[in-house]
Amino acid sequence: MNFNATLIGQSIAFAIYLWFIMKYVWPFLSKMLEDRKAKIADGLAAAEKGQHELELAEQRSASIIKEGKEQAQALISNAQKRADEIVDESKDNARIEGERILTAARANVEQDIQQAREGLRNEVSTLALAGAEQVLMREVDASAHKDVLAKLSAQL
Amino acid sequence: MATTEHAELTSNSYIQHHLQNLTLGKLPEGYERTDGSVLVDASWTIARDAQETAEMGFWALNVDTMGWSLFLGAIFCWVFRSVAKNGTPGVPSGMQNFVESIVEFVDGNVKDIFHGKNDLIAPLALSIFCWVVLMNTMDLVPVDWLPLLFQKITGNEHAFFRVVPTTDPNVTFGIALVVFILIIYYSVKVKGVGGFLGELTLQPFGKWMMPFNLLLEGVGLLAKPVSLALRLFGNLYAGELIFLLIAMLGLWQLPLHFVWAVFHILVVLLQAFIFMMLTIVYLSMAHESH
C-alpha cells in the first residue's frame with residue numbers, strides 16, 4: 001500500500017465523472033423513465049376508459065335489441081289481431097251477404113208463389129165460372145158475381 | 001501462466017512483479033538505479049522496482065491504474081451518455097434496456113434509503129456502482145494476458161502493469177475521499193457548522209465529556225471513508241492474489257481459474273454494491289440530525 005499522487009488524480013477523475021453523470025446523464029435517464037411511467041399510466045387509463053365505454057355500448061346495444069324485439073313483437077301481435085279482425089269481419093260480411101241472398105231468394109220464391117197463387121186463383125175462378133156456366137147452362141154475368149168470385153178466390 | 005523463459009523466476013518474484021504498479025515519478029540526482037547506472041540529473045522516469053517506487057515518494061503517478069480507471073470511466077460515461085441522448089420513452093431495446101435496468105436498480109436503492117431531496121446522491125451512487133463494477137471486472141481477465149501484451153508492445157519484458165485499478169488503494173481511497181468530502185459538505189450544509197461540530201463533540205456523553213466525545217465521533221467519522229476504501233481494496237486485492245496463485249499451478253489453473261472467476265463475479269458485483277449502499281447510507285446520515 002503505497003500512496004502517491006494517483007490518489008489525488010483518482011479523486012479528481014472521480015469528481016469529473018460524477019459531475020458529468022450528474023449533469024449530462026442522470027437527468028435525461030431519469031426523465032426518460034418518468035416519461036415512460038406517465039405514458040404507461042396514460043395507456044392503462046385509456047384502456048380502462050375504453051373497457052368502460054365498451055361496457056356502456058354493450059348495455060346500450062342490448063337495450064336497443066330488446067326494444068327492437070318488443071317492437072317486432074308488438075307489430076306481430078297487432079298484425080295477428082288485425083288479421084283476426086279481418087277474418088271475423090269477412091265472416092260477418094259473408095254471413096250477412098248470405099242472409100241477404102237467402103232473403104232475396106226467399107222473397108223471390110214468395111213472390112213466385114204469390115204469382116202462382118194469383119194465377120191459380122184466377123184460373124180457379126175462371127174454372128169455377130166455366131163450371132158454373134156449364135152447370136147452369138147459361139152465361140153467368142161475371143160482373144154480377146164478382147163479389148162472390150172474389151170471396152171464393154180469396155178463400156183459395 | 002508463469003512465464004517460463006526466465007529461469008530465475010520464482011513464485012515470490014512472479015507475485016511481486018504482478019503487484020507492482022507502473023509508476024512514473026521523479027528520481028533524485030545521483031540515484032543509483034537497479035541496473036547500476038547513476039542518474040546525472042534528477043529526472044522523471046518509470047520505476048523499475050519497488051525500491052525506486054518508494055524513492056519517488058508521494059509525487060509519483062501509477063500510470064497503469066490511472067490509464068485503466070480513466071479508460072473504464074470513459075466507457076461508462078460514453079455508454080450512459082449515448083443512451084441518455086438517444087433513448088426514447090417508448091419501448092426500449094438493447095443497450096437502453098440494460099442501462100435503464102441499472103438506473104432503476106440504483107434509483108430504487110437510493111429511494112429506499114435516502115428520503116431527502118438531493119440531486120447528487122443518485123448520480124453519485126450510479127457513478128460509484130458502475131465505475132467500481134467495471135474496474136473490478138478487470139480482475140476476471142486472466143492475470144497475465146494484458147501485462148504480457150503490454151510487455152510485448154513496449155518491448156520491455158520487465159515492465160510492470162496492473163490492470164485492476166481497484167487493487168490499487170489509491171483508487172479506492174480516491175473515491176472514498178470524494179465521498180468523505182461530500183459527507184462533510186452536506187453535514188455542514190444541512191446542520192450548519194455549529195450543528196456539525198455539536199454532533200461531533202456534544203454526544204454521546206454531554207458537554208462535560210467533550211474531548212472524549214470528539215475522539216469517539218471523530219473516529220466514527222474517519223472510519224466511514226477508510227472502511228469504504230479498505231473493504232473494496234482488500235477484497236479485490238485478495239481476489240487478485242488468489243488469481244495469481246492459481247496462475248502458477250500449470251494445467252490445474254484452467255478449472256481452478258474458472259471456479260474462482262465464477263465466484264469472483266459475486267465479489268465484483270457485491271463489493272461495488274456495498275460501496276454504493278454505504279455511500280448512500282453515509283450521505284443519508286449526513287442529512288439527518290441526531
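Residue numbering restarts at 1 for every chain, and letters A, B, ... go by the order of the sequence lines.
- With a 4.5 angstrom heavy-atom cutoff, B:L61 touches chain A via backbone and side-chain atoms both.
- Contacts between B:V63 and chain A at a heavy-atom distance below 4.5 Å are absent for every atom of the residue.
- Note: B:W131 and A:F14 have parallel aromatic rings, judged against thresholds of 30 and 60 degrees for the angle between ring planes.
- Contact of A:F20 with chain B is made through the side chain alone, with heavy-atom distances under 4.5 Å.
- Under a cut-off of 6.0 angstrom, the local environment of CZ in B:F58 is crowded, with over 12 non-hydrogen atoms contributed by other residues, nucleotides or ligands.
- Rounded to the nearest 0.5 angstrom, A:L33 CG and B:E104 CD are separated by 5.0 Å.
- Proximity to chain B (any heavy atom under 4.5 Å) is shown, for A:I12, by neither the backbone nor the side chain.
- Within the model, atoms CG of A:L7 and OG1 of B:T65 stand 11.5 Å from one another, a figure rounded to the nearest 0.5 Å.
- At least one donor-acceptor pair under 3.5 Å links the side chain of A:Y17 to the backbone N or O of B:L70.
- B:F173 has its ring centre less than 6.0 Å from the ring centre of A:F3.
- Shown are B:N21, B:N170, B:D64; of these, the side chain to side chain contact (heavy atoms under 4.5 Å, CB included) with A:T6 is made only by B:N170.
- Your options are B:M66, B:Q96, B:M56, and the one with the most heavy-atom pairs under 4.5 Å with chain A is B:M66.
- Side chain of A:R36 to main chain of B:P89: a donor-acceptor pair is present (N/O by atom type, distance under 3.5 Å, no hydrogens or angles).
- Of the atoms belonging to B:A74, heavy atoms from both backbone and side chain fall under 4.5 Å from chain A.
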### Message
Between B:V103 and A:M32, does the side chain to side chain contact (heavy atoms under 4.5 Å, CB included) criterion hold? Intermediate values first, please.
### Response
CA-CA 11 Å; B:V103 168; A:M32 202 161 77; over 6 Å; no

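- When each of B:V171, B:I181, B:L19, B:L177 is checked for heavy-atom pairs under 4.5 Å with chain A, B:V171 comes out on top.
- Within 6.0 Å of the CD atom in A:E85, the count of heavy atoms belonging to other residues, nucleotides or ligands exceeds 12.
- Heavy-atom minimum distance, B:R81 versus A:F28: NH1-CE1, 3.6 Å.
- Among all heavy-atom pairs drawn from B:C77 and A:I21, the shortest one is SG-CD1, 4.0 Å.
- Of all heavy-atom pairs between B:G174 and A:S11, the closest is O-OG, 3.0 Å.
- At most 12 non-hydrogen atoms from other residues, nucleotides or ligands lie less than 6.0 angstrom from CD of A:Q51.
- Neither the backbone nor the side chain of B:Y237 has a heavy atom closer than 4.5 Å to any heavy atom of chain A.
- At a 4.5 Å heavy-atom cutoff, the contact between B:T88 and chain A is made by backbone atoms alone.
- B:I121 CD1 to A:M22 CE: the interatomic distance, rounded to the nearest 0.5 Å, is 11.0 Å.
- Remark: of the listed residues B:L124, B:L126, B:L120, B:L126 is the sole one forming a side chain to side chain contact (heavy atoms under 4.5 Å, CB included) with A:W26.
- For the set B:T172, B:D168, B:I128, the entry with the most heavy-atom pairs within less than 4.5 Å of chain A is B:I128.
- Listed options B:A60, B:A176, B:P165 were ranked by heavy-atom pairs under 4.5 angstrom with chain A; first place goes to B:A60.
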